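Here the structure is laid out as structure tokens; the discussion comes afterwards.
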2 protein chains.
Amino acid sequence: MLSNACQYAIRSILYLSIHSNETKKIGVKVIADELETPQPFLAKLLQQLAKKKLVSSIKGPHGGFYLTKKNNENSLWDIVTCIDGTDKFDNCFLGLATCDDKNPCPVHFIVVPFKQKLLNDFRDKTIAQFTKEITLSGRVISLKDFNALKD
Amino acid sequence: MLSNACQYAIRSILYLSIHSNETKKIGVKVIADELETPQPFLAKLLQQLAKKKLVSSIKGPHGGFYLTKKNNENSLWDIVTCIDGTDKFDNCFLGLATCDDKNPCPVHFIVVPFKQKLLNDFRDKTIAQFTKEITLSGRVISLKDFNALKD
DNA sequence: CTCAAAACATAACAATTGTCATATTTTAAT
DNA sequence: ATTAAAATATGACAATTGTTATGTTTTGAG
């Protein structure tokens, strides 16, 4: 559904939301290690996200990536838009150019409500809100989290 | 979400369900033309589907592809399984190996109900049932259908 | 002011998916 | 029997996505 790239991007932003702030930056190496994602690939993604102001970054020694208050007010949808684009969600499930409520494809009314709900949740909920839920209810964003919960 | 291949496959099976039967076979050329899909690619797909008995076929002059009664009792899910496999639907939305109800990722409870419903609809409804709905309620499976409805 | 740690940029490589081309086999019609 | 229309099989090519590698720029610390 989402590309690997986008999954990594979402997880790393959630990770930064939990563990970083203006005074505590985190390097790619650490993030990639914690989330168990390929390091150079993640670096590229974080740069894309930085360009679109979805994450903040500082170069040089003790530099790294972090999320500002403002960054935390973005949505998962912003990340998806930045990495994957929205075609996957806009387009007809069977690939028809003409499919809509008036001229539905055979699965239109099965798929559309789901997509709508998903899109709303992704668009309306901020990163900060997700993070709150993650810390309060023990959500998992990496294998390490999973193992930590087991202890 | 679904691959192009799978979208073509579903549409061509629905097309065959509407327009073919044991005594009326249809060649790839016609199907590809009607659905406006690349012909050689569709041929390959139909062969995959034939191997898994999701469509029937006869070689030689006046041969072609068609759906038997039995073929019509299959589900869309059978097609998805045959062409794309089920990973996309089984796996965690964020790509985590450990994600489940007990150890949910941050979007788990947003995504799972939807996936469940989609999966049920795709698995429980037969091709025949879809076809009935298509003919009764004027569903669209190609641009040609769309234009026909406008007339 | 030099050095090293980090992000940033670019490009090479690999794997998957989508597409096209060519040849072979089957079979109905003549 | 021969022929031609179809499916079937195989492989080549292109495009996208995922991954890795290499080099450049920025900047804090000594």
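Each chain gets a letter, A, B and so on, in the order the sequences are listed, and its residues count up from 1. In this text the structure is predicted, and so the values were computed from the model without any measurement.
In this structure a side-chain-to-backbone donor-acceptor pair under 3.5 Å is missing from B:Ser137 to B:Ile134.
Among residue pairs with one or both ends in residues 70-108 of chain B, those qualifying as ring pair (Phe, Tyr, Trp, His ring centres under 6.0 Å) are A:Phe122-B:Phe93, B:Trp77-B:Phe89; sequence neighbours excluded.
Once rounded to the nearest 0.5 Å, the distance linking CD1 of B:Ile83 with NZ of B:Lys52 reads 8.0 Å. Distance check: A:Cys99 SG to B:Ile141 CD1 gives 12.5 Å after rounding to the nearest 0.5 Å.
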Distances under 3.5 Å between protein N/O atoms and the N/O atoms of nucleotides 18-21 of chain D, please, pair by pair.
{"residue": "D:dG18", "atom": "OP1", "partner": "A:Asn4", "partner atom": "N", "Å": "3.0"}
{"residue": "D:dT19", "atom": "O4", "partner": "A:Lys44", "partner atom": "NZ", "Å": "2.9"}

What protein N or O atoms touch nucleotides 4-7 of chain D N or O atoms at under 3.5 angstrom, if any, and at what distances?
{"residue": "D:dA7", "atom": "OP1", "partner": "B:Val28", "partner atom": "N", "Å": "3.1"}
{"residue": "D:dA7", "atom": "O3'", "partner": "B:Ser57", "partner atom": "OG", "Å": "3.4"}

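Residues passing the side chain to side chain contact (heavy atoms under 4.5 Å, CB included) test with B:Gln47 are B:Ala43, sequence neighbours excluded. The side chain to side chain contact (heavy atoms under 4.5 Å, CB included) test applied to B:Pro38 returns B:Tyr8, B:Phe41, not counting sequence neighbours. Legend: residues meeting side chain to side chain contact (heavy atoms under 4.5 Å, CB included) with B:Asp124, ordered by chain and number and at least two apart, are B:Asn120.
Across the protein-nucleic acid pair, B:Leu45 atom CG and D:dA9 atom P stand 14 Å apart, rounded to whole Å. Following rounding to the nearest Å, B:Gln48 (CD) and C:dT17 (C1') show an atom-to-atom distance of 12 Å. A:Asp33 places its CG atom 14 Å from the P atom of C:dA6, with the value rounded to the nearest Å. Look at NZ on A:Lys51: it is 15 Å from P on C:dA7, rounded to the nearest Å. Taking atom NZ of residue A:Lys25 and atom P of nucleotide C:dA5, one finds them 18 Å apart after rounding to whole Å.
The pair B:Glu22-B:Lys69 does not meet the salt-bridge criterion, since no charged nitrogen lies less than 4.0 angstrom from a carboxylate oxygen.
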